[in-house]
Structures are given as structure tokens and as C-alpha cells.
Amino acid sequence: MTDATDTPGRDYRATLNLPDTPFPMRGDLPKREPGWVKEWEEQGIYQKLRAARCGAPKFVLHDGPPYANGQIHMGHAVNKILKDMIVKARQLAGFDAAYIPGWDCHGLPIENQIEKTFGRGLPRDEVQAKSRAYAGEQIDQQRADFKRLGVLGDWDRPYRTMDFKNEAGEIRVLKRLFERGFVYRGLKPVYWCFDCGSSLAEFEIEYADKQSPAVDVAFLCAEPAKLAAAFGLPGLDAEAFTVIWTTTPWTIPANQALNLNPELPYALVKTERGYFLVAEALVEKCLARWGLEGQTVAVTQGRKLELLKFKHPLAHVDAGYDRESPVYLADYATADDGTGVVHSAPAYGLDDFQSCVAHGLAFKDILNPVQGNGTYEASLPLFGGMHIWKANPVIAETLQNAGRLLAHSKITHSYPHCWRHKSPVIYRAAAQWFVRMDEGDGVFTVDKAEQTLRQTALQAIEQTSFYPENGQARLRDMIAGRPDWCISRQRSWGVPLPIFLHKDTGQPHPNTLEFIERAAQLVEARGIEAWAKLDPAEWLGAEAEFYSKGQDILDVWFDSGSTFEHVLKGSHAGAAHDSGPEADLYLEGHDQHRGWFHSSLLISCALNGRAPYKGLLTHGFTVDSKGHKMSKSKGNGVDPQDTSKKLGAEIIRLWVAASDYSGDIAGDDKILARVVDGYRRIRNTLRFLLANTSDFDAASDAVPLDQLLEADRYALARAAQFQADVLAHYERYEFHPVVAKLQVYCSEDLGAFYLDVLKDRLYTTAPKSLARRSAQTALWHITNAMLRWMAPFLSFTAEEAWKVFANKSAADTLFTETFWALPEADGALIAKWERIHEIRDAVNKAIEAVRVTGAIGSSLQAEVALGVNAEDLALLQSLGEDLKFVLITSAASISAAEAFSVQVSPSSHAKCERCWHYRADVGANAEHPGLCGRCDSNLHGAGETRKVA
């Protein structure tokens with residue numbers, strides 16, 4: 001503003017307090033973000049956060065490690081940004097919220113990559129060394145991408161499961177599980193992937209449709225007299241068979257028993273091909289499927305058929321199959337489908353295995369002809385050397401030729417697949433190491449746990465908070481029904497089970513616990529390669545000739561699942577609670593109910609009797625707008641690297657924050673374009689706030705809260721109300737309501753109302769007047785609060801604005817601040833001004849109706865007369881002369897009326913060249929004929945007085 005004498009026709013723009021800020025309208029995010037990332041790193045922003053919260057209460061979010069292989073995809077981006085937002089929100093809430101990023105480094109994908117590059121047959125220690133180097137390269141690449149997304153963390157000191165100290169820590173966790181009585185070695189069918197060449201855990205299985213052959217196979221009764229007697233018949237006048245139905249013909253060569261349900265009624269049916277034994281309820285369906293006609297001659301309960309013997313269906317074809325299959329009773333045989341009789345190959349089915357072992361079948365007598373690569377042993381009669389999937393039709397044809405195949409079809413059904421290779425898996429018996437879920441003896445137990453692992457884990461789930469809540473039931477159901485955990489794998493790149501097994505008995509060395517600790521010390525000094533290179537004679541001496549060094553490695557889920565112990569209590573103990581290794585939160589995709597959440601829970605319950613986390617948060621997968629999972633191969637993926645270059649990482653962050661992560665998260669170019677529009681609205685509001693506080697110094701210019709104009713006190717009360725809402729959402733780790741409400745707050749509460757009303761006061765009153773400083777005081781508080789509200793998700797923009805707003809150097813950061821302390825919300829004041837807002841909206845509609853006729857231009861050309869009820873009359877009278885400023889009209893009058901009414905008429909007065917109001921006193925001062933009285937006063941006199949707005 002200027003005090004110079006005005007002249008007629010002068011441009012009064014220079015006399016206005018027009019907003020000014022170096023904060024640009026356009027973010028230019030793709031160009032400027034990389035510089036900010038570099039600046040944050042050079043200025044040590046993360047270290048400043050830790051220093052600022054030294055001694056504050058801790059909040060621990062333990063990072064579920066992404067796998068160190070390949071470029072990050074949008075699912076990784078969603079996960080890391082969610083974690084970053086939560087950590088930043090907790091930091092702003094006053095917590096010491098360290099973020100230690102981690103990486104899962106061992107496992108099959110990396111080992112496969114090494115085999116592709118360097119070929120098979122490398123020595124184990126060389127595979128390990130090359131895998132270690134490769135994982136390190138992948139981590140460097142992924143780390144750069146995560147930093148580019150604006151994720152703050154201890155990137156210089158992450159945890160990696162392949163770090164020597166973590167590998168050793170994992171071995172010590174294994175030792176402790178031995179001591180607690182949870183680990184045993186046994187022969188048992190486990191999921192086996194031919195592509196992996198290894199056993200798989202439940203966590204590594206997913207289900208997909210598979211087409212399989214379905215066959216009905218007849219077993220000739222070896223004891224027809226006993227069969228007749230069981231049915232109360234004097235004898236049989238033809239051959240008798242029982243029939244099984246299976247979708248795995250490849251298991252027929254390994255058949256060793258048949259299972260019937262003791263409580264089911266079974267029928268003996270006479271047909272032109274002899275007698276057939278099936279469940280009574282399935283007789284009609286079976287005969288139809290076989291194309292036979294027959295009559296039921298007798299019925300008996302399944303229990304009366306126990307131990308009755310039948311012949312293998314190929315017994316008369318090859319002497320190698322000339323054996324008997326006894327009937328064992330089992331509840332899992334049902335009359336739901338098939339024949340009610342289950343064929344039992346104990347090496348290839350858990351129920352079959354348990355049934356046969358319970359009936360006295362010795363481990364050494366279990367037939368297991370399928371090798372690790374999916375082919376039969378060469379010695380298997382008729383089918384030796386064949387891959388089982390190719391053998392299916394050959395076996396069916398052989399059974400057909402042998403007169404034992406009654407029906408053959410194909411069905412499509414849900415079938416377990418390896419989640420890495422997407423290939424079908426089988427159950428296959430192998431000597432493995434297991435973590436026991438229920439009662440039983442472990443080896444080398446020192447202090448046996450009081451409860452079973454299943455009991456402890458189920459109790460821990462009840463004490464855990466879940467976000468969303470339905471995750472609790474999902475994890476509980478998985479734990480309630482899961483079998484023992486197979487923790488051994490037959491690969492090279494992983495943490496070893498450092499155990500020496502007796503070559504004859506298969507038993508572990510008596511000093512196993514001592515050797516495990518010794519192995520941990522060895523690995524801590526030189527890595528897992530040191531175990532691979534170890535000569536057993538160095539430790540066993542003369543005993544070495546009787547023992548073989550264990551070659552199995554631990555399941556990769558054991559790696560990540562044990563990190564709470566050797567990371568939060570070990571390598572990064574300073575970032576954890578002093579009371580123990582529990583984290584406040586684990587956060588991953590909902591598939592980790594069967595993965596990291598699951599394995600971490602089991603290990604922690606085994607070690608400590610409690611979960612390693614207080615809360616579990618799950619998010620959905622990234623999908624396109626049609627709900628299809630994002631895939632580069634399908635071309636429907638949104639690439640985080642490309643999006644950062646095109647739109648900016650800030651847009652990815654805002655998209656993540658604006659999405660309801662409890663379900664799948666949809667994204668494509670159109671969705672991101674809408675996010676860009678939302679970003680611009682927030683940025684424009686922020687720019688207005690910065691521009692109108694650019695000449696405001698809170699230390700000297702702030703108006704005491706009790707002296708603020710009422711409209712400004714209302715704006716702060718509304719901001720306080722909004723902040724309480726925001727912080728409540730942040731407490732529950734909710735972001736999409738904050739984004740949605742912030743956009744409404746910017747456009748409706750601020751842009752369409754308060755800031756709209758404020759512009760005249762900001763621009764036309766004297767620069768240092770109470771009226772203007774009151775408005776700036778309110779805006780200063782609101783800006784302080786708003787920058788902190790948005791900082792967790794719009795991190796780049798909040799930091800950029802903070803430097804301008806607070807006049808801070810690059811070394812200072814908003815993230816060392818805490819949420820702004822606003823005056824307590826005045827509920828009565830908020831209610832009053834919400835009603836004023838409603839009346840203003842009604843007036844605006846009336847003005848717009850007149851404006852479209854051409855009778856007036858802007859609302860300032862209008863004069864309005866309101867008829868209102870007594871309550872509204874008192875409310876509007878309290879605004880006094882400031883009512884016209886609230887309505888943004890040149891004049892406003894009110895009167896009592898039964899029904900609300902608005903009359904709009906064009907002003908007959910002249911327009912002030914400076915404030916654009918139409919007033920009777922325009923030109924009252926002859927020296928300034930273009931000015932109204934209040935502008936004349938604001939420029940040359942004492943200035944106008946504002947009481948309310």
C-alpha cells in the first residue's frame with residue numbers, strides 16, 4: 001500500500017495487499033522431487049528425526065522384508081508408502097518412530113537366477129557366494145526406488161536376512177526351538193514342488209484350477225469268504241471287488257491300503273462283472289458311471305470290514321505289484337462323492353500316511369517311488385523313469401488292459417500349486433525337520449513349553465489388534481487347522497540346519513545343541529558359506545566317519561519369521577521397545593496371513609509365549625480399474641518408476657493415501673489423473689495460505705486469540721474440530737478418510753467459505769490493521785496445522801511449503817515437528833457459523849438466479865434483503881454491518897419473517913475502483929473520486945473497523 005495522493009483514473013491495484021509467495025502454482029514434481037530426495041539424504045533428515053525424538057515413547061513398525069530380486073512394482077510402492085505414512089504420522093504425534101527397512105535375501109528365486117546365469121552343478125559355497133552378491137545388487141536397486149518414493153528410513157543401515165549376524169541369530173532361534181521341545185525329525189508327506197526340487201510349507205501353497213484324470217479302479221478281494229461273512233452271506237458265486245475313485249492315477253503304483261468309514265453302510269452289489277463293494281448311498285451313481293446294471297444283495301457297516309484284504313489292481317500284471325491292500329477304518333472316507341472307499345498311498349497323502357502308520361506300517365516299509373524331480377525310480381515295474389504327470393494316461397491304459405478300470409474321465413478342480421512357479425505340487429513323504437503344533441516330544445528338549453504351540457498361538461491372536469478386524473478370523477482359522485510346520489528345504493542358498501546325522505540310524509548327534517551354537521558363532525564370523533565349507537572332522541574327529549553333515553536349509557519363512565528376535569532384539573535393538581521384541585505393528589498384504597504374519601507368530605509363541613506384534617494391518621493387492629490384478633505381462637500394470645517420471649512420486653503417495661487399502665487398490669491412468677486434480681486443489685489452497693501470510697511474523701504480528709474477529713475464531717475452532725478428526729483417523733491407521741475430508745475442507749470450509757469471505761479483509765484493509773492481522777493469525781495457525789495433516793502422505797509438498805512458510809533452511813524439516821496445538825474447538829461457535837454458512841448458500845443460489853438473467857454481474861453488484869425467523873434474525877444481527885462481507889454483497893438487510901426469503905436487486909450505486917463494492921459514498925472525497933469511503937479511510941485515514949468478519 002501507499003500513502004501517496006491518488007489521482008482520478010489511477011490503477012489502485014498497487015494499493016492492495018495482493019498475495020505473494022515463491023511457492024509455485026505448479027509443483028513440477030517429476031523434475032524437482034529427485035533433488036529433494038538427494039537433499040534429504042545429504043542433510044541427514046532421518047538422523048535429525050531420531051535426534052528430535054530421543055527419549056520419547058517408541059512406536060515400532062517392524063518392516064516385513066520384500067524379496068531382494070527384481071525391480072519394485074506398484075504393490076511394493078503401496079506397501080512402503082503405507083508404512084512411511086504411518087511412521088511419519090506417529091513421529092508427528094510425538095513418538096520416536098524409527099523405520100528400519102529390511103530385505104529377505106535367501107531362497108529359491110535367487111538360487112534359480114544363479115543357476116540360469118552360471119549353470120547347475122556349482123559347489124554349494126559358490127552358489128551361496130554368488131547369491132549373496134546378486135542379492136546385494138538387487139537391494140541397491142530397490143533401495144534407490146524406495147527412496148525416490150519419499151520413504152524416510154535408515155537406508156544406510158537396513159537389516160538383511162543374509163547379514164552374518166542375522167544368519168547366526170536365526171540359527172540361535174532354531175536352537176531355542178529345540179530347547180523348548182518344538183522341533184522333531186520325521187518321515188511325513190509334505191508339499192513338494194518339482195520345480196523347486198524341495199519341500200514347501202503351507203505358506204508357499206496357493207490354489208488354482210487344474211484338470212485331472214478321474215479313474216474308478218477295481219481291487220480284487222483276496223478273502224472272498226471273509227467278505228461274504230461280513231455281509232452275512234454263505235458265500236459268493238463270482239469274483240468280488242471294491243472300487244476306489246481317484247484323481248491321481250500316478251499314486252496307484254504306491255497303493256498299500258484301502259480306507260472305509262466305520263460308521264457308513266456299505267453295499268455289496270451283484271453285476272454281470274461280479275460283485276462290487278461301495279458305499280450304499282453311492283450305488284446308483286457308481287453303476288451309472290460304470291455303465292453297469294446291478295442289485296444290492298446285502299448291506300453292512302464299514303467297521304465289519306476292517307482288515308479285509310484286497311489285491312493290488314496290477315497284481316496279476318507284474319510280480320512287482322503282487323501284494324495285498326488291507327482295509328483300514330478312517331473317518332475321512334465319506335459318501336460325499338466317489339465310491340466311499342479311499343485308496344491309500346501313504347507316501348503321498350497326509351491322511352493316508354497317518355492311517356497306515358497308526359495301523360502298524362513301519363516307515364521303512366512305506367513305498368515312495370516318486371523322486372524329487374517328479375519321475376518314478378527306474379526300478380518301479382511298468383512305469384520306471386516316467387514323470388508322474390505323463391504316467392497318468394499310461395497307468396489308466398494299463399489298468400484298462402488289466403480289466404481293472406471301470407471308468408475314466410477328466411475333471412477340473414481346485415488343486416494346490418507352488419506360489420513361486422504356479423505349477424502343481426504333490427504330497428511326498430520325505431525325512432524332514434518339523435515344528436510341532438500339538439502335543440508330542442521334540443528332540444533335545446531342555447525346558448518344555450507348558451502349552452502346545454497351537455494353543456499359545458490361538459491365545460496370542462485373541463490379544464492382537466487387527467486392521468481390518470476380519471483379519472483375526474482369517475489368521476485364527478489358519479492356525480486352528482494347520483499341520484506341523486516343515487522347516488527344512490533341500491536347497492543351497494539359505495541358513496543351514498547345522499546338524500550331524502548318524503549315517504545308519506539317521507539320528508542327530510548327541511551334542512547337537514552344542515554344535516548349533518558353535519555353528520552360529522562360525523556363521524556370525526564368516527557367513528553360511530563357512531558351514532558349507534566345514535569339514536566334519538574338524539568338529540567330530542574320529543566320529544566323522546559315522547556322521548554326515550546336514551545339507552538342509554531352513555524354510556525362507558523361518559528367515560523372515562524370526563527377524564523380530566535377531567533384529568528387534570539384536571542388530572537393531574535401539575529401534576525397538578526396551579521391554580522386548582514386540583512391535584506395535586506389522587503391515588503387509590493380506591496374503592501374509594499365511595506367510596510372514598503366520599511364521600512370525602509361530603516362532604514368537606514358541607520362544608516367548610506371545611505374538612511378536614501388538615497389531616496386524618493388511619492391505620489389498622493393486623488392481624486395474626476392472627479389478628484385475630496388475631501384471632506387466634498383461635499390460636495392465638502401473639509402473640512406479642514410470643509414474644514418478646511422468647507425474648511425480650507425490651501422486652503415487654496421494655493415490656495410496658486416498659485408497660481404501662482394506663480392499664484391493666485400483667489404479668490406472670484415468671484414476672491417477674483424478675488424483676492429480678485432487679493434488680492441484682490442495683496445492684492451490686496451500687499456495688493461498690502461504691501467499692497471504694508472507695508478510696506475517698507471528699512473533700510480532702500475531703493477535704491474541706481472545707482478540708481475534710469472530711469469523712477467525714470460528715475458522716480456528718473448525719480447524720481444531722477437523723484436526724481432532726484427522727488425528728483419530730491416524731490413530732486407527734486410516735488415510736483415505738483424511739484425504740477425502742481434507743479435499744472437502746480445502747474446497748468447502750476454506751475455499752468456498754472462509755477464504756472467500758476473508759479476501760476483502762486481507763486485500764483492502766491496512767496492512768497492519770487489527771482486521772488484517774487477525775485474519776493472518778488464523779491463517780498462520782491453519783497453515784501450521786494443515787502442513788502437518790498432509791505431511792505423512794504429501795511429504796514432498798509439505799516440506800517444500802514448510803521451507804517457504806517457516807522461512808527454514810534446507811537442513812530443517814517439518815518432520816521433527818509435532819501436530820500443531822490449536823485452541824480448543826468451540827462447539828457453539830461452530831454451530832452458529834455452520835448456520836451462517838447455510839444461509840449464505842441460500843443467498844448465493846438466489847443471487848445466481850438473478851445473475852443468469854443478466855441483471856447483475858458479480859455478487860458485489862447485488863443488494864440483498866433477507867426475511868428470517870426470530871432465531872436466525874438474532875444470529876444475523878450479531879454480525880452487524882459485517883453481514884454484507886459474509887454474503888459478499890455490497891449491501892444486506894434483514895427483517896423478521898415466518899418463512900425464509902431472499903430478495904436480490906442490483907445496486908444503484910457506483911462501483912469503487914479499489915474494492916469493487918457498490919456504495920453510496922463512492923467519490924465522497926473529491927480528491928479521490930474513484931474510491932468508496934472505507935477504502936479512502938483504509939488508505940488515508942484511521943482505517944475501517946471490522947467487528948466480526
Side-chain angles (χ1 to χ4, degrees), residues 36-37 39-41 43-63 79-102 146-147 149-158 467 568 572-578 582-587 613-615 617 649-650 653-654 656-657 723-735 738-739 742 783-803 805-806 808 810-822:
W36 291 327
V37 170
E39 187 177 273
W40 290 358
E41 196 164 1
Q43 298 295 340
I45 294 300
Y46 179 79
Q47 287 69 33
K48 292 180 187 295
L49 305 190
R50 301 281 64 74
R53 292 293 181 272
C54 183
K58 290 183 182 294
F59 174 83
V60 181
L61 186 153
H62 185 39
D63 192 25
N79 181 267
K80 276 292 189 284
I81 289 170
L82 277 174
K83 290 172 180 174
D84 186 57
M85 293 192 302
I86 287 173
V87 169
K88 284 173 177 170
R90 295 279 81 195
Q91 179 87 13
L92 286 162
F95 288 89
D96 181 7
Y99 177 58
I100 311 300
F146 287 138
K147 287 181 183 179
L149 293 171
V151 178
L152 290 177
D154 196 351
W155 294 111
D156 294 332
R157 203 174 69 95
Y467 311 90
L568 295 184
H572 293 76
H577 291 294
D578 297 333
E582 291 90 353
D584 291 283
L585 191 68
Y586 274 31
L587 184 166
Y613 35 69
K614 298 173 185 176
L617 186 151
E650 194 83 315
R653 296 182 65 91
L654 184 56
V656 174
Q723 176 161 284
D725 203 13
V726 167
L727 299 190
H729 284 302
Y730 280 160
E731 281 290 324
R732 300 189 296 270
Y733 313 123
E734 295 171 350
F735 296 96
V738 174
V739 175
L742 179 61
T783 307
N784 265 304
M786 183 172 164
L787 287 174
R788 291 159 170 82
W789 301 337
M790 59 189 276
F793 50 92
L794 290 178
S795 297
F796 289 116
T797 305
E799 279 282 79
E800 177 194 7
W802 174 252
K803 300 293 191 295
F805 175 67
K808 296 290 185 178
D812 293 300
T813 174
L814 172 62
F815 296 113
T816 58
E817 302 291 319
T818 55
F819 287 116
W820 192 246
L822 289 164

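A 4.5 Å side-chain heavy-atom check between Met85 and Val656 finds at least one atom pair inside the cut-off. Looking only at side-chain heavy atoms (C-beta outward), Thr818 and Leu92 stay at 4.5 Å or farther from each other. Within the 4.5 Å cutoff, side-chain heavy atoms of Val738 are placed close to those of Tyr730. In this structure, the side chains of Leu585 and His62 stay at 4.5 Å or more apart for every pair of heavy atoms. In this structure the side chain of Phe793 reaches within 4.5 angstrom of the side chain of Leu742, judged on heavy atoms. For the pair Arg788/Gln723, no side-chain contact is recorded, criterion being any heavy-atom separation below 4.5 Å from C-beta on. Side-chain atoms of Leu617 and Tyr586, non-hydrogen and from C-beta on, never get closer than 4.5 Å to each other. Residues Leu568 and His577 fail the side-chain proximity criterion, which asks for heavy atoms closer than 4.5 Å.
Here the closest non-hydrogen pair linking Pro57 and Gly94 is CD-O, 4.2 Å. In plain terms, the two heavy atoms of Ala785 and Leu822 that are nearest each other are CB-CD1, 3.9 Å. The nearest pair of heavy atoms linking Leu787 to Ala801 is CD2-CB, 3.5 Å. The shortest heavy-atom contact between Trp155 and Lys147 is CB-CE, 3.5 Å. The minimum heavy-atom distance between Ala791 and Ala798, with the atom names listed, is CA-CB, 3.7 Å.
One finds the CD1 atom of Ile86 at 14.0 Å from the CD atom of Gln91 (value rounded to the nearest 0.5 Å). In this structure, the separation between CG on Asp812 and CD on Gln43 is 9.0 Å, given to the nearest 0.5 Å. Note that CG of Leu654 and OG of Ser795 are 11.0 Å apart. Values are rounded to the nearest 0.5 Å. One finds the CE atom of Met786 at 11.5 Å from the CZ atom of Phe805 (value rounded to the nearest 0.5 Å). Note that the CD atom of Glu650 and the CZ atom of Phe796 stand 6.5 Å from one another [nearest 0.5 Å]. Between the CD atom in Glu41 and the CG atom in Asp156 there is a gap of 6.5 Å [rounded to 0.5 Å].
Listed for the Asp154 side chain is no donor-acceptor partner under 3.5 Å among the backbone atoms of Ile100. In this structure, Lys58 contributes its side chain and Ala98 its backbone to no donor-acceptor pair below 3.5 Å.
The distance between the ring centers of Tyr99 and Tyr46 does not fall below 6.0 angstrom. The distance between the ring centers of Trp802 and Phe815 does not fall below 6.0 angstrom.
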Criterion side chain to side chain contact (heavy atoms under 4.5 Å, CB included) on Arg653 and Leu794, from CA distance to verdict: CA-CA 7 Å; Arg653 296 182 65 91; Leu794 290 178; 5.6 Å; no
CA sep, side-chain torsions, deciding dist, call: His729, Asp725, side chain to side chain contact (heavy atoms under 4.5 Å, CB included): CA-CA 6 Å; His729 284 302; Asp725 203 13; 3.6 Å; yes
Verdict with reasoning, Lys88 to Asp84, per salt bridge (charged side-chain N to carboxylate O under 4.0 Å, His left out): CA-CA 6 Å; Lys88 284 173 177 170; Asp84 186 57; 2.7 Å; yes
Pair Trp820-Trp789, side chain to side chain contact (heavy atoms under 4.5 Å, CB included): steps then yes or no: CA-CA 9 Å; Trp820 192 246; Trp789 301 337; over 6 Å; no
Test side chain to side chain contact (heavy atoms under 4.5 Å, CB included) applied to Asp63 and Lys80, step by step: CA-CA 9 Å; Asp63 192 25; Lys80 276 292 189 284; 3.3 Å; yes
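Take Arg50 and apply the salt bridge (Lys or Arg N to Asp or Glu O under 4.0 Å) test, not counting sequence neighbours, and it matches Asp96.
Between Tyr733 and Phe59, the ring planes lie tilted relative to each other; the angle falls in the 30° to 60° range.
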